[in-house]
Amino acid sequence: MAVAELLAEIDRRRPGAQVLTEPAQLAPYESDALTAFRARPEAVVLARDRDDVIELVRLCHALDVPFVARGSGTSLSGGSLPIDGGIVIALNQLNRVLRIDPDERIAVVQPGTINAHVSAAAAEHGLFYAPDPSSQQICTIGGNIAFNSGGAHCLKHGMTSNHVLGAEVVLTDGTVVRLGSGGLENTGPDWLGLFVGSEGLFGIATEVTLRLMPMPESISTLLAAFPSLEAAGDAVAAILSAGILPVAIEIMDALAIQAAESAVHPGYPQADALLIVELDGERDVVAADFERTQRVIREAGATEIRATEDPDERATIWKGRKSAFSAVGWLSPDYLVQDGCVPRTRLGEALAAIERMSAEAGLRVANVFHAGDGNLHPLILYDGREPGAVERAEELAGRILELCVSLGGSITGEHGVGMEKRAYLARMFSEADLRVMRRLRDSIDPKNLANRGKMLDPGAAPEAPAERPGSAAAQGPPGIAELAEAIRAARADGERVLPRGAGTKPALSSAPDGVRPLDVGELRGIVHYDPEELTLTVRAGTPIAELEAELAQHGQRLPCDPPFGPRGATIGGAVASGLSGPGRYRFGGARDCVIGVRFLDGTGELAAAGGRVVKNAAGFDLPKLFVGSAGRLGVLVDVSLKVLPAPQEYATLRAHAGGLAEALAAVRALGRSPFDVEAVEVDPAGAVWVRIGGFADRLDARLDRIAAQLGLADAERLRGDEESAAWAALRELEDAPAGAALAKVAVVPADVPQLDAALEDTGAWRRYGGGAHMAWVAWPADRPAGELEAAVGAVGASGAWLSGEHGSPFFGAPRGGEFARRAARGLDPDGVFVGIAGSG
Amino acid sequence: MQHEIPVDRLGPRGEAMANAISACVHCGFCLPTCPTYVVMGEEENSPRGRIFLMKEVLEGRLSPDDAAGAIDNCLACQACVSACPSGVEYGDLITAYRLHAEPRRSRPPGERAQRATVAATLPKPKRFRAAARVGMATRALARLAPRRMRAMVDQLPRSLPKARPLPEFTPAEGERRARVALLQGCVQRVLDPEIGWATLRVLARNGVEVVVPQQHECCGALAIHAGREGQAKRLARATIEAFPDDVDAVIANAAGCGSGMTEYPLLLAGESDEEAARAFAARVRDISTFLDELGLVEPRSEPRRRRVVYHDACHLAHAQGVREAPRRLLRAAGFEVVTPANPEICCGSAGTYNVERPEIAGELGRRKATSLLAAEPDVIAAGNIGCLNQIRTHLDELGSRTEALHTVELLDRAYSGEA
């Protein structure tokens with residue numbers, strides 16, 4: 001009834017729309033790549049453009065018709081399974097790359113654009129789109145966004161969420177919002193970060209701005225045969241311990257090798273385990289690392305090693321690996337693919353356990369996995385015609401998921417929860433955690449129209465274990481209980497609260513009149529740190545300096561390089577304020593480092609999101625949302641972070657490029673170059689600082705190349721203590737005038753000249769960091785704050801005051817709109833936290 | 001994929017269909033390479049969708065008529081076979097399915113008339129020639145004719161070459177290295193007999209003596225792909241009968257014919273002559289494969305028009321896996337061989353597809369001609385008459401005067417110094 005009306009309406013409003021209603025037209029949409037689930041939609045509408053999509057969503061909302069957005073239908077978790085009684089909104093015709101800006105290194109694309117087509121379109125500019133799920137020849141960007149897809153090369157380059165800079169989204173009532181700043185930095189909560197990975201539950205992205213990376217000048221690929229999975233795993237550990245960061249590390253077991261050989265004949269060696277290691281980047285660095293990697297692999301007991309730099313050979317190696325899932329069709333009539341994630345150091349343990357469990361179940365399991373980040377893909381082979389086989393396979397799948405959780409991992413690294421793992425979400429998250437997620441969803445999509453039944457609905461729930469691992473530690477030290485109580489009390493009294501760490505960003509953390517300050521300084525200490533794992537969990541009130549000292553002892557560092565450590569700033573405050581230092585240039589800012597959070601929400605409940613493993617697609621990406629949220633969405637209690645090995649040594653070029661325009665040109669040139677640069681800062685006078693890190697003996701030669709490329713032959717070179725002091729000064733903004741009000745502005749590099757011109761005569765001190773994606777401004781006390789705010793808003797940038805007296809610290813272009821309002825209400829239904837006016 | 005197909009009730013070709021469907025894991029890797037999915041966008045017009053529909057029909061959940069539209073839209077180009085990581089033999093599936101479904105489905109009268117016309121004329125060269133003459137003479141009137149008639153006339157060339165039947169025997173030049181039988185091709189001998197003559201000259205030049213069965217008219221590939229079982233079997237048997245045993249190979253210079261003959265074992269599965277069909281199919285070679293295996297005698301002079309943009313006919317590249325042999329031959333003859341963008345996507349000819357689905361075929365033909373020209377050819381080469389005809393039509397529409405020739409014609413000209 002409702003659907004018939006909807007179709008009549010869509011025909012009236014958007015004539016000529018391709019609408020499918022015949023049984024033979026609908027039947028092929030019944031499944032995506034997870035064929036265990038089938039459901040026939042009432043209709044499929046192939047949207048032609050963004051306006052079709054918006055109109056369809058509005059009609060669905062008006063008529064209470066649930067919908068599923070679908071790209072190519074390649075989800076392995078049933079994410080694009082249709083809903084009974086609902087419609088499918090097919091986006092595969094919105095498949096164009098709309099615009100590429102090679103200087104800004106962005107691609108603006110429609111959501112149905114095939115992943116591989118983005119790189120194909122960017123190739124002529126020497127750029128590529130990094131996230132590479134194995135189905136990239138057909139999967140679409142929209143689907144990648146829904147599941148925060150990864151792929152083999154996300155080890156070094158990150159997942160989809162690290163490469164989406166902006167999106168236009170239609171919410172389930174048809175409201176259109178713009179999320180994200182369009183650049184790498186942001187102020188206020190990371191609303192876009194929350195949207196990515198939300199499995200289609202929050203709305204439909206209708207246009208996406210993607211980040212493009214410069215093509216590496218050197219790619220070297222190694223194929224090594226090992227006598228056992230364990231030996232291959234040990235080789236991986238050895239490679240990472242040697243301080244080498246490959247762009248991809250994959251392992252395949254004998255069955256998977258056999259399947260790949262049958263399917264695409266890549267010519268793999270026969271072995272019990274095959275290791276594929278790929279290095280990319282600067283020529284000199286890759287050459288040396290390649291040498292080193294081969295040595296490590298040989299010492300680890302490889303029985304055969306093949307090395308190549310030839311693009312065709314490389315393509316063949318990857319073709320074999322990327323067709324592995326489908327290729328097992330040669331070995332078995334049916335299969336289930338799992339997507340569990342475990343801490344990397346426990347991979348060997350996990351594989352041994354899987355082997356044992358599959359023997360018990362009497363089923364063969366082929367193993368393919370992203371060894372660098374602990375993301376496993378056990379392929380459970382079975383024959384559906386055999387009585388009881390499906391059940392045994394599903395049971396084994398469930399046991400494997402529970403194993404991953406018990407080892408401290410995740411039920412899904414990149415395929416998402418979808419339909420398939422709904423019941424297991426409760427293994428990973430507590431009732432409180434899920435309650436928060438449900439409240440979020442209910443607030444953002446009150447009618448539950450978008451991808452109904454996916455991710456959050458429990459489905460058939462197997463018996464929950466009596467005790468969840470780690471749950472005993474959930475309460476932690478008394479500090480948390482007190483904070484929770486304070487929140488509950490404020491809520492009962494109808495008052496608001498604002499958390500505070502060390503107060504180093506007073507504009508964000510000073511409680512206005514009538515708001516109760518919450519001191520989180522008591523929550524200190526490292527909860528969990530395994531240097532081999534490259535992750536750690538720390539209490540929010542821990543001083544940055546303490547954390548950095550601990551990391552330094554193990555030769556590691558925080559990639560986001562947060563400032564104000566010397567002032568006593570806390571890590572929780574760094575994350576909450578979204579402040580990253582110059583080092584963010586190479587591997588990302590706070591949003592790219594935070595992998596898990598525990599927080600107190602607006603009801604005083606302690607909840608967790610994310611996890612302790614780098615690849616985690618389970619549940620909403622609240623960790624990203626909290627970055628920049630400045631205590632206005634919840635009180636951070638624990639933060640889990642990615643860490644990286646620190647380079648052996650650093651070296652810096654300090655030059656004068658003439659003026660700001662020349663300096664920005666140098667930044668652009670660097671951004672399109674193959675050099676592995678740690679940090680880039682420029683100032684309005686044209687000063688340029690370029691920092692590289694790595695093995696000491698090669699730093700000079702590498703600086704030579706960079707200087708030559710940028711035409712900075714007369715640049716000063718810094719090494720040693722002088723070098724680190726210079727960067728400490730830059731990070732801590734030591735040359736900003738005292739007494740001025742400090743602000744962070746998130747801007748896209750193309751807008752910097754206009755912004756700077758507006759600030760030139762104001763006497764404001766400014767510097768542009770992170771590759772000119774952010775501006776630090778010290779605003780003179782005698783000028784009205786509104787002047788800066790207007791200048792920032794005029795270029796479409798956004799900002800946050802860090803010091804000085806301000807009504808609301810957030811200013812500039814609004815971010816998040818209606819999406820932000822609903823999400824905030826979901827997390828804080830009674831408005832216990834200070835609002836985010838000006839940021840949404 | 002799981003299925004409940006009652007294999008035993010589907011006759012000898014049932015297992016081939018069921019196996020192909022079983023192998024499919026619904027991964028979708030075939031979608032980006034399917035011409036109809038790329039042009040039309042609905043799941044039913046993709047290999048993944050069609051496999052699902054054929055499964056539903058064979059299971060009895062849908063009727064053959066329900067699925068007919070989507071199945072008829074399939075060009076049977078088999079690009080999906082090349083792309084599939086799971087080994088789905090889609091070519092076997094679509095052939096077997098069409099043979100199964102044809103007697104079980106209905107067609108509108110206009111379609112039936114067109115198919116009957118095609119089935120009656122194309123396999124009989126004299127009739128086809130006569131019909132083509134009529135079509136060309138009344139081309140202006142065709143504007144007023146029903147769409148289907150117009151589509152057939154649109155495929156005809158500007159002028160029809162004189163009939164030039166190939167001789168029964170052509171001796172080898174110099175030392176005899178092999179002896180083969182050559183299929184003339186039904187449509188090819190009418191539209192472009194020069195291809196056959198060039199084949200004879202190139203083979204002779206390479207020391208190969210050639211017999212051409214004089215009474216043989218058509219290998220039946222078009223009938224197989226149209227699902228006309230009776231006609232297909234008749235023509236297949238006549239072909240097997242017509243070709244002598246005392247040859248090293250049965251040569252086809254039309255990709256569609258060569259590919260069609262390799263399907264004889266599937267066509268005649270369960271019949272008493274299935275083994276004979278298998279033995280025959282094993283002796284079939286495309287002219288390019290045969291010459292490549294034999295070793296091409298290199299021409300004495302360099303070609304003038306050096307840059308060849310080579311078009312991969314679907315029934316050579318996807319259906320038979322023949323990609324490198326023609327390229328090697330052309331390079332050995334002194335040409336520079338270039339591959340256009342999107343080589344795996346069909347030109348739209350696809351047997352009689354361009355008269356059955358003229359709009360889709362037209363779109364694909366336009367795209368193919370455009371990508372061929374974008375590669376800046378001196379000359380275009382292809383190993384199939386259907387493709388050549390389609391490409392010539394669309395080059396013409398784009399106002400291009402670039403020549404499109406059969407691979408073997410280019411080799412012939414390289415030998416005669418006219419390349």
Side-chain angles (χ1 to χ4, degrees), chain A residues 18 20 22-36 38 44 46-48 70-76 88 90 92-93 95 112 114 116-117 134-139 259-260 262-264 319-320 322-335 337 383-385 390, chain B residues 1-5 7 18-34 37-57 59 61-73 80 82-88 321 341-342 344:
Chain A
Q18 223 172 332
L20 310 179
E22 297 299 313
Q25 294 177 310
L26 299 176
Y29 288 91
E30 284 176 13
S31 296
D32 50 28
L34 184 64
T35 54
R38 286 174 64 157
V44 174
L46 275 71
R48 293 161 295 184
R70 179 184 158 119
S72 300
T74 54
S75 167
L76 289 165
V88 167
N92 59 306
Q93 307 274 57
N95 57 8
I114 290 177
H117 289 186
S134 297
S135 55
Q136 66 183 146
Q137 296 302 320
I138 183 59
C139 65
S262 309
V264 300
K319 193 171 179 206
K322 290 190 175 188
S323 52
F325 290 3
S326 316
V328 292
W330 288 85
L331 299 180
S332 171
D334 301 291
Y335 74 96
V337 60
D383 185 344
R385 292 168 302 192
V390 189
Chain B
M1 222 179 352
Q2 283 291 298
H3 66 77
E4 285 163 355
I5 297 171
V7 185
N19 286 346
I21 291 167
S22 279
C24 175
V25 297
H26 219 68
C27 69
F29 279 35
C30 50
L31 265 60
T33 201
C34 173
Y37 182 74
V38 167
V39 169
M40 301 166 82
E42 312 97 335
E43 182 70 18
E44 67 183 358
N45 284 311
S46 73
R48 182 175 64 173
R50 291 186 180 112
I51 291 169
F52 193 82
L53 285 175
M54 288 189 264
K55 176 185 84 76
E56 297 280 285
V57 170
E59 285 172 340
R61 279 194 247 268
L62 284 174
S63 75
D65 277 340
D66 289 331
I71 302 298
D72 287 350
N73 283 340
C80 52
S82 294
C84 177
S86 309
V88 176
N342 304 317
E344 72 284 355

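Labels below follow one simple rule: chain letters A, B, ... track the order of the sequence lines, proteins then strands, and each chain is numbered from 1. All figures in this text were calculated on a predicted structure; none of them were measured in a lab.
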Drop me the distance from [X]'s [atom1] to [Y]'s [atom2], to the nearest 0.5 angstrom.
X       : Y        : atom1 : atom2 : result
B:Ser86 : B:Met1   : OG    : CE    : 10.5 Å
A:Leu34 : B:His26  : CG    : NE2   : 10.0 Å
B:Asn45 : B:Leu31  : CG    : CG    : 10.5 Å
B:Phe29 : A:Ser326 : CZ    : OG    : 4.5 Å
A:Leu20 : B:Glu44  : CG    : CD    : 6.0 Å

(message) Quick check for you: among A:Pro333, A:Ala116, A:Ser75, A:Gly73, which has the greatest number of heavy-atom pairs under 4.5 Å with chain B?
(response)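 Answer, by heavy-atom pair count under 4.5 Å with chain B: A:Gly73.
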(request) Look at A:Val44, A:Val328, A:Asp334, A:Thr74 and state which one has the largest set of heavy-atom pairs under 4.5 Å with chain B. (result)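 Heavy-atom pairs under 4.5 Å are most numerous for A:Asp334.
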Proximal component of [X], with respect to chain B [non-hydrogen, under 4.5 Å]:
X        : result
A:Ala90  : neither
A:Arg38  : side chain
A:Lys322 : backbone
A:Ser135 : both
A:Asn95  : neither
A:Phe325 : neither
A:Gln93  : side chain
A:Ser31  : both

(request) Could you tell me which non-hydrogen atom of B:Pro32 sits nearest to which non-hydrogen atom of B:Gly28, and how far apart they are? (result)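 It is CD-O, 3.7 Å.
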(message) Minimum heavy-atom separation for A:Asn92 and A:Gly71, please, with both atom names.
(response)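 The answer is CB-O, 3.6 Å.
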(message) Need one label for B:Arg50: side chain, backbone, both or neither, based on atoms under 4.5 Å from any heavy atom in chain A.
(response)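 Interface part for B:Arg50: neither.
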(request) Side chain from CB out, backbone as N, CA, C, O: work out which of these in B:Glu42 comes under 4.5 Å of a heavy atom of chain A, or both, or neither. (result)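 Contact with chain A is through both the backbone and side chain of B:Glu42.
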(message) Would you say B:Asp66 and B:Ser63 are linked by a side-chain donor-acceptor pair, where the criterion is simply a distance under 3.5 Å?
(response)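 Indeed, the side chains of B:Ser63 and B:Asp66 share at least one donor-acceptor pair under 3.5 Å.
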(message) Can you tell me which of B:Arg61, B:Met40, B:Lys55 forms the most heavy-atom pairs within a distance under 4.5 Å of chain A?
(response)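 So the answer, after comparing B:Arg61, B:Met40, B:Lys55, is B:Met40.
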(message) Determine whether a donor-acceptor pair (N or O, by modelled atom type, separation under 3.5 Å) exists between the side chain of A:Ser332 and the backbone of A:Gly329.
(response)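 Not confirmed, A:Ser332 side chain does not pair with A:Gly329 backbone.
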